[in-house]
2 protein chains.
Amino acid sequence: MHFKFKIDESNHIVFSSNKGMELEDEINETNDYYRRFNMALIYKKPTPIKIVKCKDNKISEAYFLESSTTDYNGVYKGKYIDFEAKETSSKTSLPLANIQPNQIEHIENVLAHSGIAFLIISFTSLGRYFLLTGETFLNFLREKNKKSISLNFLEKNAFEIKREIIPPLNYIKILEKIYEF
Amino acid sequence: MHFKFKIDESNHIVFSSNKGMELEDEINETNDYYRRFNMALIYKKPTPIKIVKCKDNKISEAYFLESSTTDYNGVYKGKYIDFEAKETSSKTSLPLANIQPNQIEHIENVLAHSGIAFLIISFTSLGRYFLLTGETFLNFLREKNKKSISLNFLEKNAFEIKREIIPPLNYIKILEKIYEF
C-alpha cells in the first residue's frame, strides 16, 4: 500500500490519506488489496497501442489506440467481472460522451454471456462514487434520450460506494449485495 | 474470417487454408469466431509497455514489459476463462523456460478464485495442439522436477485440439467436455 504525502509550509510531512488520488489509482489500489488478501483477481488491462517503429525491445514510434473493451476485468468466486471507470468534475452529471460506443457494446456482450458488468463513476468535485450495473445503464440508454447521466438518477438507481482508507473503493462489497455468488 | 493466399508460379491464386498461421493468429481467429456467433467473449490482452517519452497521442520511446498475467481472458457462460498460448518447434517437448514464474503464479491465482485456467500448446513441426488444464499443469510442476513437458505426457494427460478450418482451434468444445457450465 502506498501513501501520498507532501511537505507543508512548516516543513512537516503531511500524509494526504490518498486525498486527491485519481480514480484509476484508487481502483488499482483496491485491486491490489483484493489480490493481496485473496479476495478477487482483477487487473487493469494495458492500454492498446499501435506500434509503428520498433527495434528489439525498444519502441520508437507508437500511438495510443481506442480500447474496444473496458478498462478492468477479472474473476471473483469463479464469475467473470468487467467494468469501466469514469470520472467527471461536474457536480450534477456524467456526460455520456465520456463512454465510447464500443464500450457500450462490450458491456452488452458481457451481460449476454452472463458476466458481471458495471461502471464505477466518480464525481471528483463531490468526492462521491457510484457503482452503476450494466443492466441499469443499458436500460437507461434505451429509455432515455439524454446526453448525460444525472447525479439524481444515480442516487436513485445506482449504489453509492463510500470512500474508505483501505481499500479505497470496496466495490466487491456492493457486488455481494446485488448478485448471487 | 480472413483467408491467406499467395500467387503461385503460374500466376494462380492459391489459398493457403491458413497453413503456416502462427498460434496467436489461430487463437485470435477462433476468438473472433466465438464473438461473431455469440459463443464466448474472449480477447487477447494488449502487451504491457513502459512509456518513457510521450507527447499528446504519440509515443516516441517505450519498452515492452514482461506480462504479469497470461495472454487471453474473457467469459464463457458466466465463468471466467484465462489461458496462455505457447508454441515450440521441438517434436518431443515444450521447454518449461517458455513459461514465466509470474504466469504460473497467475494460473494458481485464477484456480484459487474458481476461474478456468489452461495452456494451449502448439507443436509447430507436428501441427498438433493440446489443451492442458491449469490443474494438471500445476500437479505436473509439483510432482516432477523436469525442464520440459513431453509430448508423451501431453498425449496422456492433456486434450488434443484438432485443427479445423473455421474456427481454427475450437478449444471451447474441449472445455465443455472437461468442466460443468
Side-chain angles (χ1 to χ4, degrees), chain A residues 31-32 34-82 102 105-117 134 172 179-181, chain B residues 31-32 34-82 102 105-117 134 172 179-181:
Chain A
N31 290 340
D32 284 348
Y34 289 154
R35 283 200 297 275
R36 188 167 307 121
F37 293 98
N38 295 319
M39 290 173 66
L41 193 66
I42 294 161
Y43 285 95
K44 181 168 196 303
K45 291 177 220 167
T47 306
I49 61 163
K50 180 186 167 69
I51 295 170
V52 177
K53 279 186 205 155
C54 175
K55 195 181 170 189
D56 300 326
N57 191 44
K58 184 176 177 178
I59 299 161
S60 56
E61 189 182 348
Y63 299 89
F64 290 105
L65 292 173
E66 226 172 63
S67 177
S68 56
T69 65
T70 46
D71 274 353
Y72 302 86
N73 74 359
V75 56
Y76 175 61
K77 294 187 180 173
K79 291 280 279 182
Y80 179 75
I81 305 290
D82 192 299
N102 50 18
E105 196 185 329
H106 181 72
I107 290 171
E108 284 172 338
N109 288 338
V110 171
L111 295 180
H113 289 287
S114 310
I116 291 174
I172 291 273
Y179 300 101
E180 280 186 22
F181 287 99
Chain B
N31 290 339
D32 285 347
Y34 289 153
R35 283 200 297 275
R36 188 168 304 122
F37 293 98
N38 295 318
M39 289 171 66
L41 193 67
I42 294 161
Y43 284 94
K44 181 168 194 304
K45 292 177 220 168
T47 307
I49 61 164
K50 180 185 169 67
I51 295 170
V52 177
K53 281 187 204 155
C54 175
K55 196 182 172 191
D56 300 327
N57 191 44
K58 184 176 175 175
I59 299 160
S60 56
E61 189 181 346
Y63 299 89
F64 291 105
L65 292 173
E66 225 173 64
S67 177
S68 57
T69 64
T70 47
D71 274 352
Y72 302 88
N73 75 357
V75 56
Y76 175 62
K77 295 186 178 173
K79 290 282 278 184
Y80 179 75
I81 305 290
D82 192 300
N102 50 16
E105 197 185 327
H106 182 72
I107 290 170
E108 284 171 340
N109 288 338
V110 171
L111 296 180
H113 289 286
S114 310
I116 291 175
I172 291 274
Y179 299 101
E180 280 186 23
F181 287 100

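The structure displayed is predicted, hence computed values, not measured ones. Note on naming: letters A, B, ... go to the chains in the order of the sequence lines (proteins, then strands), and numbering restarts at 1 for each one.
- B/A112 does not touch chain A: none of its heavy atoms, backbone or side chain, sits under 4.5 Å away.
- Nearest heavy atoms, B/Y80 versus A/G74: CD1-O, 3.3 Å.
- Each of A/V52, A/N73, A/L65 has some count of heavy-atom pairs under 4.5 Å with chain B, and the biggest count is that of A/N73.
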Expected list for residues 40-51 of chain B: side-chain donor-acceptor pairs under 3.5 angstrom, two or more places apart:
from	atom 1	to	atom 2	distance (Å)
B/K45	NZ	B/T69	OG1	2.8
B/K45	NZ	B/T70	O	3.0

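- Your options are A/G115, A/S60, A/S67, and the one with the most heavy-atom pairs under 4.5 Å with chain B is A/S60.
- Going from atom CZ of A/F181 over to atom OG of B/S114 covers 12.0 Å, rounded to the nearest 0.5 Å.
- If you measure heavy-atom distances from A/K58 to chain B, the contacts under 4.5 Å come from both the backbone and the side chain.
- The structure places OG of B/S68 at 7.5 Å from CZ of A/R35, a figure rounded to the nearest 0.5 Å.
- Contact annotation for B/V110: both backbone and side-chain heavy atoms come within less than 4.5 Å of a heavy atom of chain A.
- Not counting sequence neighbours, A/D56 has no partner by the side chain to side chain contact (heavy atoms under 4.5 Å, CB included) test.
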Checklist entry - What do the steps show when you test A/I59 against B/F64 for side-chain contact (heavy atoms from CB on, under 4.5 Å), and what is the final call? => result CA-CA 8 Å; A/I59 299 161; B/F64 291 105; 3.8 Å; yes
